[in-house]
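Okay, structure first, notes after.
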Amino acid sequence: MPPFLPRSFYARDSLAVAPDLLGALIVRNGVVLRITEVEAYRWPGDTACHARHGRTERNAALWGPPGTAYVYLCYGIHHMLNLVTGAEGEAQAVLVRACEPVTGLAAIRRRRGGGDGPALLTGPGKVGAALDLDLSFSGRRLYERGLLEVRRGEPPVHVLAGPRVGIAYAEPAHRRMPWRFAAAGTPWVSLRRRLRAMSVSVRPTPSGA
DNA sequence: TCTACGATCTTT
DNA sequence: AAGATCGTAGAT
């Protein structure tokens with residue numbers, strides 16, 4: 001099994017961490033996923049971020065130390081996985097929006113009641129379901145042995161960047177920020193149609209180096 | 001307390 | 001185009 005992404009990997013701006021996370025592996029109870037799509041959020045200066053109303057009981061983990069998880073419930077149904085970045089006391093995180101299954105695909109299908117092709121892990125709610133997450137995962141450290149681990153993986157050659165999804169409530173300027181990143185050339189990406197407007201760029205830094 | 005609504009997904 | 005489904009935040 002590849003080494004953990006160290007705590008220091010996360011102790012940077014979420015904007016730098018987000019693209020570097022593409023290709024990394026999420027390990028959870030026999031299931032291994034490769035991250036293919038992420039979004040960066042950070043406060044201040046981003047009204048799409050959950051920290052926009054300050055520190056609350058719900059978003060407490062978002063302000064926690066880098067390299068920990070922030071899981072929240074969306075639409076009363078979906079458990080969304082964020083990886084906390086920056087320094088402790090800041091409110092920054094990277095949302096995992098899509099993954100490619102590496103191992104444990106059978107367990108994931110069972111969990112979801114069978115069926116499905118490439119749409120299996122495209123979308124943050126589906127990722128949360130595949131990893132069987134709940135709110136108790138908030139605050140867990142991801143850089144050491146545990147129920148949820150993140151390890152080094154093969155980075156994609158090219159990265160797509162574009163505006164984030166599902167943040168209509170944010171200020172227009174923040175809505176337009178190209179803080180959504182996806183590995184180019186894989187089917188493991190959500191809302192493919194909106195990817196067409198994205199610009200192709202070369203990956204800035206190697207993952208976990 | 002009450003109410004509106006969400007970093008979504010599925011079905012119609 | 002809209003329902004599922006429920007915890008949170010802001011208002012009362």
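Just so it is clear: chains get the letters A, B, ... in the order the sequence lines come, proteins before strands, and each one is counted from 1.
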Is [Y] paired with [X] through a side-chain N to carboxylate O contact shorter than 4.0 Å?
| X | Y | result |
| --- | --- | --- |
| A:E149 | A:R145 | yes |
| A:E39 | A:R164 | no |
| A:D46 | A:R175 | no |

For this session: Considering only atom C1', compute the distance from B:dC5 to C:dA2 and round it to an integer number of Å.
Result: 15 Å
If I pick the P atom on B:dC2 and the same atom on C:dT5, what distance separates them, to the nearest angstrom?
23 Å
Side-chain N,O ([X]) to OP1/OP2 ([N]) below 4.0 Å:
| X | N | value |
| --- | --- | --- |
| A:Y169 | B:dA7 | yes |
| A:H53 | C:dG10 | yes |
| A:R175 | B:dA7 | no |

Check: Hey, does the Lys NZ or Arg CZ of A:R152 hover above the aromatic six-ring of A:F4, less than 6.0 Å from the centre and inside 45° of the axis?
Finding: no
How close or far is atom [atom2] of [N] from atom [atom1] of [X], stated in whole angstroms?
| X | N | atom1 | atom2 | answer |
| --- | --- | --- | --- | --- |
| A:H50 | B:dG6 | NE2 | C1' | 8 Å |
| A:R55 | C:dA9 | CZ | C1' | 17 Å |
| A:L95 | B:dT8 | CG | P | 8 Å |
| A:H79 | B:dA7 | NE2 | P | 15 Å |
| A:E37 | B:dC9 | CD | P | 10 Å |
| A:L73 | B:dA7 | CG | P | 11 Å |
| A:M80 | C:dT8 | CE | C1' | 15 Å |
| A:W179 | B:dA7 | CH2 | P | 16 Å |

Among the nucleotides C:dA9, B:dT10, C:dA4, whichever has the atom closest to the side chain of A:T56 is C:dA9
Side-chain contact check for A:R58: nearest option of B:dC9, C:dA9, C:dG7 is C:dA9
Whichever of A:I77 and A:L135 has the more 5' nearest nucleotide on DNA chain C, that residue is A:I77
Check: Given the side-chain rings of A:Y72 and A:H50, with only the six-membered ring counted for Trp, is the space between their centroids under 6.0 Å?
Finding: yes
Please give the nucleotide sitting opposite C:dT12 as a Watson-Crick or G-U wobble pair, both distances under 3.5 Å, or none.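 In the structure as shown, C:dT12 has no Watson-Crick or wobble partner.
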Any strand, both distances under 3.5 Å, Watson-Crick or G-U wobble: C:dT5 pairs with none
Q. Does CZ in A:R28 sit with more than 12 non-hydrogen atoms of other residues, nucleotides or ligands closer than 6.0 Å?
A.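 Enclosed.
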Is_stacked (A:Y41, B:dA7) at 5.5 Å, 30 deg: yes
inquiry  = Base, sugar-phosphate or nothing for A:N82? Non-hydrogen atoms, less than 4.0 Å.
reply    = base
**Asked** Under 4.0 angstrom, heavy atoms only, what part of the nucleic acid is A:G76 near: base, sugar-phosphate, or nothing?
**Response** base
